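Worksheet for the structure shown next.
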Amino acid sequence: MYINSLAYAQSQDQQDPLHSFRNEFLFPTGENGEKLIYLCGNSLGLQPKKTSEYIQQELSDWSKYGVEGHTDAKNPWLPYHEFLTKSMAKIVGAKPSEVVIMNSLTANLHFMMVSFYQPTKTKYKIVIESDAFPSDKYAVESQINFHGFDPKDGLILWKPREGEELCRFEDLEKIMEEQGDEITLLMIGSTNYYSGQSFPLEKITKLGHQHGAIVGFDLAHGAGNIQPNLHDVNADFAVWCTYKYLNSGPGSLGGCFVHERHESNPELKRFTGWWGHNKQTRFNMRHDFDALVGAEGWQLSNPSILSMAAIRASLDVFEEAGFDNIRKKAVKLTGYLEFLVNELNDERINIITPSNPDERGCQLSIQVKSADKSLHTQLTKAGVISDWREPDVIRIAPAPLYNSFEDVFHFVERLKKVLN
Ligand SMILES: *Cc1c(COP(=O)(O)O)cnc(C)c1O
């Protein structure tokens, strides 16, 4: 179905209804001013051209109004996060009341576990996928420890089998059959950062719930990449960052999902702050805490408006393009990457990521046996921005909003040169 030629790649770009969105982004350039081939949106998404205008608006209103900007700015700061809710809810498949932008990813993971990890003496274990992002593992271990348990006993890893790279659902079923009575939380990355494997969220949620466990997802590599349908898969909670596929800039604020069945559940303890308090009486500081209903009730602090302006700029691009279209293009574009890499016919190369489009987003993790980091250095010299994971994996993520079939073609050509 695909053809290995530049002319074919260019014709695919011409037919691509999203092709013009590439012009809405700023591309890093090399020493001679040439556009680099940027395939690293899984780590830090590119800057939309709109972003500086959106941030400038808030800087300008801050200079004009000072504190009055909270109510008088063109986009008043007090409810600013609400301007993001609808588009963000669409991207993760949630109801607006289930979603809030706040803090950053690991912080949100902790705040969610404060509410959703309430272990008892007999049911206290947490399952994560092995090769979970280190930050998630540290967070989970420290929560187990905080509650007086030993992570060596309390943390269960869902691992690929010996000699395999991907996790099998049957093995998670087995863990639940054997230890389900002791497991209280499944905390899984929707799309694994290392292998690029996307997990069956609905099946995992059902399985967890059958065993009386809470199920939460980390969408760091899922948000803006796959459609997690959080509400329908019935997840209890989820967290994500917005600087990877959601293009909102380094260290930008994170997102949080709490399923509506928990929106005012009095049994969920939480850490609180004034921003989670009833908006009507928030500034009358003598009231007892009165939690907002829904995900907003988990907010603590007034959030960074400059960061939210960047998120808003990016979400507006997503709205214009339409997430279904983005996903459709991703399937084609990543399929083309896979096709070309396989065409190399190089025995050293093994694509770890599943080849079924339903089990992956746009990233392919390409293992190059006996390679070391110099491969990555050479690719960088050849004008490709990619991402290296020890011991021998390059992660390549053609982001459908700004990468083209031609990008993918040139990348594989350069990879071929470097490998020879
Ligand atoms: C990127 C990423 C993080 C980073 O966490 P921050 O709190 O945003 O620094 C954490 N977990 C996963 C799975 C990631 O992919």
Side-chain angles (χ1 to χ4, degrees), residues 18 21-22 25-28 36-48 91-92 104-106 129 131-136 165-166 188-199 217-228 238-252 254-255 311 314 317-318 321 323 326-327 329-338 341 351-355 357 359-368 373 375-376 379-380 384-390 392-404 407-408 411-412 415:
L18 298 185
F21 279 88
R22 183 177 172 82
F25 288 85
L26 295 163
F27 281 77
L36 298 175
I37 300 185
Y38 194 84
L39 294 165
C40 216
N42 55 328
S43 188
L44 184 72
L46 289 184
Q47 182 184 141
I91 284 177
V92 296
S104 50
L105 195 164
T106 309
E129 84 272 23
D131 264 327
F133 196 84
S135 189
D136 299 37
E165 302 283 349
L166 303 174
I188 307 290
S190 68
T191 305
N192 183 269
Y193 85 102
Y194 178 75
S195 66
Q197 180 180 19
S198 287
F199 297 114
F217 294 109
D218 182 335
L219 306 179
H221 284 261
N225 183 22
I226 55 150
Q227 174 48 268
V239 293
W240 59 95
C241 54
T242 62
Y243 50 80
K244 291 174 179 164
Y245 294 106
L246 291 174
N247 308 325
S248 73
S252 198
I311 297 173
S314 168
V317 178
F318 272 83
F323 191 72
I326 294 172
R327 179 64 193 145
K329 175 174 173 187
V331 170
K332 262 193 170 168
L333 190 60
T334 300
Y336 191 48
L337 172 62
E338 182 180 40
V341 170
I351 299 175
I352 296 174
T353 311
S355 60
E359 294 175 46
R360 69 183 183 198
C362 70
Q363 171 188 324
L364 291 187
S365 303
I366 305 171
Q367 183 179 35
V368 185
K373 198 165 179 206
L375 175 69
H376 177 253
L379 272 176
T380 309
V384 176
I385 306 292
S386 63
D387 170 289
W388 176 258
R389 289 286 144 167
E390 292 296 341
D392 55 7
V393 170
I394 344 172
R395 298 187 303 170
I396 299 293
L401 267 177
Y402 51 77
N403 283 124
S404 61
D407 282 343
V408 165
F411 158 68
V412 179
L415 175 64

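All values derive from a computational prediction rather than experimental measurement. One-based numbering along the sequence shown.
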Any donor-acceptor pair under 3.5 Å linking the side chain of Gln363 with the backbone of Tyr193?
yes

Using a 4.5 Å cut-off on heavy atoms from C-beta on, say whether the side chain of Val317 contacts that of Phe25.
yes

If I compare all heavy atoms of Ser198 with all of Gly361, which pair ends up nearest, and what's the gap?
OG-N, 3.8 Å

If the plane angle is over 60° it's perpendicular, under 30° parallel, otherwise tilted; pick one for Tyr38 and Tyr402.
tilted

Of Val408, Leu364, Ile366, the residue whose pairing with Glu338 passes side chain to side chain contact (heavy atoms under 4.5 Å, CB included):
Leu364

Residue pair Leu39 / Val384: nearest heavy atoms and the distance that separates them:
CD1-CG1, 4.3 Å

Determine yes or no for a side-chain-to-main-chain donor-acceptor pair under 3.5 angstrom, with Arg395 supplying the side chain and Gly196 the backbone.
no

Shortest non-hydrogen separation from Ser135 to Thr106 and the atoms involved
OG-OG1, 2.8 Å

Who are the ring pair (Phe, Tyr, Trp, His ring centres under 6.0 Å) partners of Tyr243, not counting sequence neighbours?
none

Student check: side-chain heavy atoms of Leu246 and Ile311 closer than 4.5 Å
no

Which heavy-atom pair separates Thr353 from Ser365 by the least distance, and what is that distance?
OG1-N, 2.7 Å

At what distance, to the nearest 0.5 angstrom, does CG of Leu166 lie from CD of Gln197?
4.5 Å

Taking atom CD1 of Ile394 and atom CD of Gln367, what is their separation to the nearest 0.5 Å?
10.5 Å

Identify every side-chain donor-acceptor pair in residues 330-337 under 3.5 Å, counting partners at least two apart or on other chains, and give the distances.
{"residue": "Thr334", "atom": "OG1", "partner": "Ala330", "partner atom": "O", "Å": "3.1"}
{"residue": "Thr334", "atom": "OG1", "partner": "Cys362", "partner atom": "O", "Å": "3.0"}
{"residue": "Tyr336", "atom": "OH", "partner": "Ile3", "partner atom": "O", "Å": "2.9"}

Sequence neighbours excluded, which residues qualify as side-chain contact (heavy atoms from CB on, under 4.5 Å) partners of Ser43?
Cys40, Asp387

Between Ser314 and Ser248, is there a donor-acceptor pair closer than 3.5 Å when you use the side chain of the first and the backbone of the second?
no

Can you tell me how far apart CH2 (Trp240) and CD1 (Ile91) are? Round to the nearest 0.5 Å.
9.5 Å

Closest contact, heavy atoms only, Asn192 versus Glu129:
ND2-OE2, 3.3 Å

Report the distance from atom OH of Tyr194 to atom CD of Glu165, rounding to the nearest 0.5 Å.
5.5 Å

Heavy-atom side-chain contact between Asn42 and Lys244 under 4.5 Å:
no

Mind listing the closest non-hydrogen atom pair of Ile226 and Pro228 along with its distance?
O-CD, 3.1 Å

Calculate, to the nearest 0.5 Å, the distance between atoms CZ and CG belonging to Phe27 and Asp407 respectively.
6.0 Å

